[in-house]
Amino acid sequence: MLRLTTAIASTRRRAFHRTMDESKVKTDSEWRAILSPEQFRILRQKGTEPAGTGKYNKFDGEGIYTCAGCNTPLYKSTTKFNSGCGWPAFFDAIPGAVSRHEDRSWGMVRTEITCTACGGHLGHVFKGEGYNTPTDERHCVNSVSLNFKENE
């Protein structure tokens, strides 16, 4: 049984890394050299910024939100909405930019979202909360995980 479990885990790790952009995969030392301590804590260690403190929570510029770790475009501003949750909320990501993973931390089951290119932790996605959006989803994203590029 242990061999089977190990083989399954190894296959899952290989499948995950195949979807990542190999040019954007870095060691912890490399990430620490380019990220602030807070960015490293959130993007690489799956942390969370305090609610209501992020610079993009109530921001409403027109453009593209990118990964703070690797600059991959993640969300269009047209998918951002005010959920009142204390973090930036989006109802959809740019296709293929965000990956979903089961998260069983904190004694509950949630869906973690990460940057597909570099694996950086973005936050969590919640479904069926009744928001008036096309997907009835709320991507609850840490501002620290994002940069913003204004439309030209």
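Note that this is a predicted model, so its numbers are computed, not measured. Numbering of residues begins at 1 and proceeds along the displayed sequence.
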Participant: Where is the tightest heavy-atom contact between T133 and D136, given as atom of each residue plus distance?
Facilitator: OG1-N, 3.1 Å
Participant: Rounded to the nearest 0.5 Å, how far does CE of M108 lie from NE2 of H124?
Facilitator: 8.5 Å
Participant: A side-chain contact here means heavy atoms from C-beta on lying under 4.5 Å apart; do P50 and T53 qualify?
Facilitator: yes
Participant: Identify, with sequence neighbours excluded, every residue that meets side-chain hydrogen bond (donor to acceptor under 3.5 Å, both in side chains) alongside K149.
Facilitator: none
Participant: Linking I/L/V/M/F/W/Y whenever any side-chain heavy atoms sit under 4.5 Å apart, do L122 and W87 land together?
Facilitator: no
Participant: Going by salt bridge (Lys or Arg N to Asp or Glu O under 4.0 Å), name the pairs with one or both residues in residues 27-39, residues two or more places apart or in two chains.
Facilitator: E38-R41
Participant: Could you walk me through whether C140 and V125 pass the side chain to side chain contact (heavy atoms under 4.5 Å, CB included) check?
Facilitator: CA-CA 6 Å; C140 185; V125 63; over 6 Å; no
Participant: Which heavy atom in E49 sits nearest to a heavy atom in S143, and how many Å separate them?
Facilitator: OE2-N, 2.6 Å
Participant: Just verifying a value: how many Å separate N142 CG and T48 OG1, rounded to the nearest 0.5 Å?
Facilitator: 5.0 Å
Participant: Keeping to residues at least two apart or across chains, list the side-chain hydrogen bond (donor to acceptor under 3.5 Å, both in side chains) pairs with something in residues 61-75.
Facilitator: K24-T72, Y75-H139
Participant: Partners of K76 by side chain to side chain contact (heavy atoms under 4.5 Å, CB included), sequence neighbours excluded?
Facilitator: I64, T78, I94
Participant: With a 4.5 Å heavy-atom cut-off, do C118 and C67 have their side chains touching?
Facilitator: yes
Participant: Rounded at 0.5 Å granularity, tell me how far OG in S145 sits from NE2 in H121.
Facilitator: 6.5 Å
Participant: Side-chain heavy atoms under 4.5 Å apart, restricted to Ile/Leu/Val/Met/Phe/Trp/Tyr: what other residues fall into the cluster of V109, or is it alone?
Facilitator: none
Participant: If we count only N and O atoms by modelled type, under 3.5 Å, do the side chains of S99 and T114 hold a donor and an acceptor together?
Facilitator: no
Participant: To the nearest 0.5 Å, how far apart are CZ in F148 and OG in S77?
Facilitator: 5.5 Å
Participant: Got a sec, which residues hit salt bridge (charged side-chain N to carboxylate O under 4.0 Å, His left out) with R44, two or more places apart in sequence or on another chain?
Facilitator: none
Participant: Applying side chain to side chain contact (heavy atoms under 4.5 Å, CB included), can you list everything that pairs with S29, at least two apart in sequence or on another chain?
Facilitator: T27
Participant: Under the salt bridge (Lys or Arg N to Asp or Glu O under 4.0 Å) rule, what pairs show up with a residue in residues 52-61, not counting sequence neighbours?
Facilitator: none
Participant: Apply the hydrophobic cluster definition, ILVMFWY joined by side-chain contacts under 4.5 Å directly or through others, and give me every member besides F81.
Facilitator: F91, Y131
Participant: For V144, which fellow cluster members are found when Ile, Leu, Val, Met, Phe, Trp and Tyr are connected by side-chain heavy-atom distances below 4.5 angstrom, either directly or through intermediates?
Facilitator: I42
Participant: Counting neighbours of CG on N147 that are heavy atoms of other residues, nucleotides or ligands and sit closer than 6.0 Å, is the number greater than 12?
Facilitator: yes
Participant: With a cut-off of 6.0 Å (strictly less than), are more than 12 heavy atoms of other residues, nucleotides or ligands near CG of N151?
Facilitator: yes
Participant: To the nearest 0.5 angstrom, please state how far the NE2 atom of H101 sits from the CD atom of E112.
Facilitator: 5.5 Å
Participant: Which residue pairs pass the salt bridge (Lys or Arg N to Asp or Glu O under 4.0 Å) test with at least one member in residues 84-108, sequence neighbours excluded?
Facilitator: R100-E137, E102-R104, D103-R110
Participant: Hey, what else clusters with I34 if you join Ile, Leu, Val, Met, Phe, Trp, Tyr whenever side-chain heavy atoms sit under 4.5 Å?
Facilitator: W31, L35, F40, L43
Participant: Mind checking the OG1-CZ spacing from T135 to F90? Nearest 0.5 Å is all I need.
Facilitator: 12.5 Å
